[in-house]
Amino acid sequence: MAGAVAAAGSAEQLQELLQLRDRSLVVVHFWAPWAPQCAQMNEVMAALAKEHTQVTFVQLEAEAVPEVSEKYGISSVPTFLFFKNSQKVDRLDGAHAPELTKKVQRHISGTSLSPSSSDNAKEDLNSRLKKLINAAPCMLFMKGSPKEPRCGFSRQMVEILNKHGVSFSSFDIFSDEEVRQGLKTYSNWPTYPQLYVNGELIGGLDIIKELEASGELDTMCPKAQKLEDSIDYETFDILEDEEVRQGLKTFSNWPTYPQLYVKGELVGGLDIVKELKESGELLPVLKGEN
């Protein structure tokens, strides 16, 4: 079985695999055949199995063994559970190949911690959490991302912040189980989403709703700068002139519209502009600073 990924088709088979090697790390992938991201992560698992032959990697079709999925609270795929001595020690929700690799390596190298090393690990985690909380003036710790929230509360939070034009960054707590659990203790707030402004916890969805109702939210959170307020631009309707419409495609060697130009130079189309916005480069580019 070394170097290969095992398959568990029942609770009994999974239990046998969990007990296969004493003190061995076992990584179980709860997957579904209809989810393309699961197929991708199966390939990642196969590669990791070849690299780490001392680890047992297992695939379990979540909907085929519902009693196991229910036991471990599996609500979405892909989800990865990490076991040592038949006990669950970690979890990763979502298709995050780099984080899966990190967790496998971390658990392979990890041994039982002495009290002093455990204290150091706690200090390291708290230091990391503090950096994350202060990574932006307004930080949202949520399930999923603003584009793809993975719970109703997180979706409502994003909708409220966007409605009020709040400038915020986010962290997907499904991408890091250590952060997910550690932040609850650090902030003394047991649920997600959590919103922080200038490193201070504001609260969860209910608090944000109260602040919205009282009008305090607008004064508390930093506002996103609207491009139209800071950038002068002109437009040309290419449907008005067929010669320009066809000629510009050849001139710019760009086959589609819209096309954005700054100081006579082509920046690109919609996908390029979206990438620039996500990376934070859009405003400097539009101002001709890049």
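This one's a predicted model, so the numbers in the text were calculated from it and none came from an experiment.
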If you look only at pairs with a residue in residues 25-34, which of them pass as a side-chain hydrogen bond (donor to acceptor under 3.5 Å, both in side chains), with sequence neighbours excluded?
H29-N42, W34-E63

Can you tell me if E242 uses its side chain to pair, donor with acceptor, with the backbone of L239 under 3.5 Å?
no

Report yes if some heavy atom in the side chain of Q105 is under 4.5 Å from a heavy atom in the side chain of T101; otherwise report no.
yes

Set of residues satisfying ring-ring contact (aromatic ring centres under 6.0 Å, His included) with respect to Y192, sequence neighbours excluded:
none

Taking the side chain as C-beta and beyond, is there a heavy-atom pair between L195 and M139 under 4.5 Å?
no

Side chain to side chain contact (heavy atoms under 4.5 Å, CB included) assessment of L183 paired with L132:
CA-CA 10 Å; L183 191 59; L132 283 172; over 6 Å; no

State, yes or no, whether a side-chain contact exists between Q181 and K184 at a heavy-atom distance under 4.5 Å.
yes

Counterpart residues, ring-ring contact (aromatic ring centres under 6.0 Å, His included), relative to F168 (two or more places apart)
none

Find out if a path of hydrophobic residues (ILVMFWY) with successive side-chain heavy-atom gaps under 4.5 Å connects V104 to V5.
yes

Result of checking F80, F82, F83 against V28 for side-chain contact (heavy atoms from CB on, under 4.5 Å)
F83

Restricting to non-hydrogen atoms, name the atom on S10 and the atom on Q13 that form the minimum distance, rounded to 0.1 Å.
OG-N, 3.1 Å

Residues 157-167 vs salt bridge (charged side-chain N to carboxylate O under 4.0 Å, His left out), sequence neighbours excluded, gives K163-E212

Nearest non-hydrogen partners of A8 and V58, listed with the distance
CB-CG1, 3.8 Å

Who pairs with K88 by side-chain hydrogen bond (donor to acceptor under 3.5 Å, both in side chains), at least two apart in sequence or on another chain?
none

Side-chain donor-acceptor pairs of residues 92-100 under 3.5 Å, sequence neighbours excluded:
residue, atom, partner, partner atom, Å
D93, OD1, R91, NE, 2.9
D93, OD1, R180, NH1, 3.3
D93, OD2, T79, OG1, 3.4
D93, OD2, R91, NE, 3.4
D93, OD2, R91, NH2, 3.2

Would you say D218 and V166 make side-chain contact, with heavy atoms under 4.5 Å?
no

Give the minimum heavy-atom separation between V179 and R128, together with the two atoms involved.
CG2-NH1, 3.5 Å

Check whether more than 12 heavy atoms from other residues, nucleotides or ligands sit under 6.0 Å from atom CZ of F153, and answer yes or no.
no

Tell me, which pairs form a side-chain hydrogen bond (donor to acceptor under 3.5 Å, both in side chains) where one or both residues lie in residues 130-143, sequence neighbours left out?
none

Separation between CG (L161) and CE (M142), nearest 0.5 Å, reads 9.5 Å

Lys/Arg N to Asp/Glu carboxylate O, K103 vs E177, below 4.0 Å
no

Would you say Q37 and P78 make side-chain contact, with heavy atoms under 4.5 Å?
yes

In this structure, CG of L211 is separated from CD1 of I160 (nearest 0.5 Å) by 10.0 Å

Shortest non-hydrogen contact between A62 and V77, atoms and distance:
CB-CG1, 4.0 Å

Going through the checks in order, is the side chain to side chain contact (heavy atoms under 4.5 Å, CB included) test met by Q194 and S187?
CA-CA 9 Å; Q194 296 180 16; S187 63; 3.3 Å; yes

So do the side chains of F174 and R150 get within less than 4.5 Å of each other, counting heavy atoms only?
yes

In terms of heavy-atom contacts, does CD of E70 have more than 12 from other residues, nucleotides or ligands at under 6.0 Å?
no

Atom pair CG/CD1 of N126 and I133 - distance to nearest 0.5 Å:
9.0 Å

How close do M45 and V27 get, counting heavy atoms only, and between which atoms?
CE-O, 4.1 Å

N/O donor-acceptor pair under 3.5 Å between S154 side chain and C151 backbone
no

Q54/H52 under side chain to side chain contact (heavy atoms under 4.5 Å, CB included): CA gap, chis, key distance, verdict
CA-CA 5 Å; Q54 73 273 42; H52 304 290; 3.7 Å; yes

Can you check whether Q87's main-chain N or O pairs, donor with acceptor, with N85's side chain at less than 3.5 Å?
no

Applying side-chain hydrogen bond (donor to acceptor under 3.5 Å, both in side chains), name anything that partners E216, two or more places apart in sequence or on another chain.
S214

Residues 235-255 vs ring-ring contact (aromatic ring centres under 6.0 Å, His included), sequence neighbours excluded, gives none

I'd like to know whether CG of D237 has more than 12 heavy-atom contacts from other residues, nucleotides or ligands below 6.0 angstrom.
yes

Is the CD atom of E67 crowded by more than 12 outside heavy atoms at less than 6.0 Å?
yes

Min side-chain heavy-atom separation F57-L17 under 4.5 Å
no

Rounded to the nearest 0.5 Å, what separates atom CD1 in I202 from atom CD1 in I208?
6.5 Å

In terms of hydrophobic clusters joined by side-chain contacts under 4.5 Å, are I238 and I272 together?
yes

Please list, chain by chain and in numerical order, all residues satisfying side-chain hydrogen bond (donor to acceptor under 3.5 Å, both in side chains) with S169, sequence neighbours excluded.
none

Should the heavy atoms of other residues, nucleotides or ligands under 6.0 Å from CD of E265 be counted, would the total exceed 12?
no

Residue pair L60 / L14, side-chain heavy-atom distance below 4.5 Å:
yes

Sequence neighbours left out, what passes side-chain hydrogen bond (donor to acceptor under 3.5 Å, both in side chains) with T235? Give chain and number order.
none

Heavy atoms only: give me the nearest V197-M220 pair and the separation to one decimal.
CG1-O, 3.6 Å

Going from CG on L260 to CG on L286, what distance comes out if it is rounded to the nearest 0.5 angstrom?
6.0 Å

Residues passing the ring-ring contact (aromatic ring centres under 6.0 Å, His included) test with Y196, sequence neighbours excluded, are F141

N/O donor-acceptor pair under 3.5 Å between S170 side chain and S145 backbone:
no

Measuring from L217:CG to I207:CD1, what's the distance to the nearest 0.5 Å?
12.0 Å

Is there a donor in the side chain of Q156 and an acceptor in the side chain of K209, or the other way round, less than 3.5 Å apart?
yes

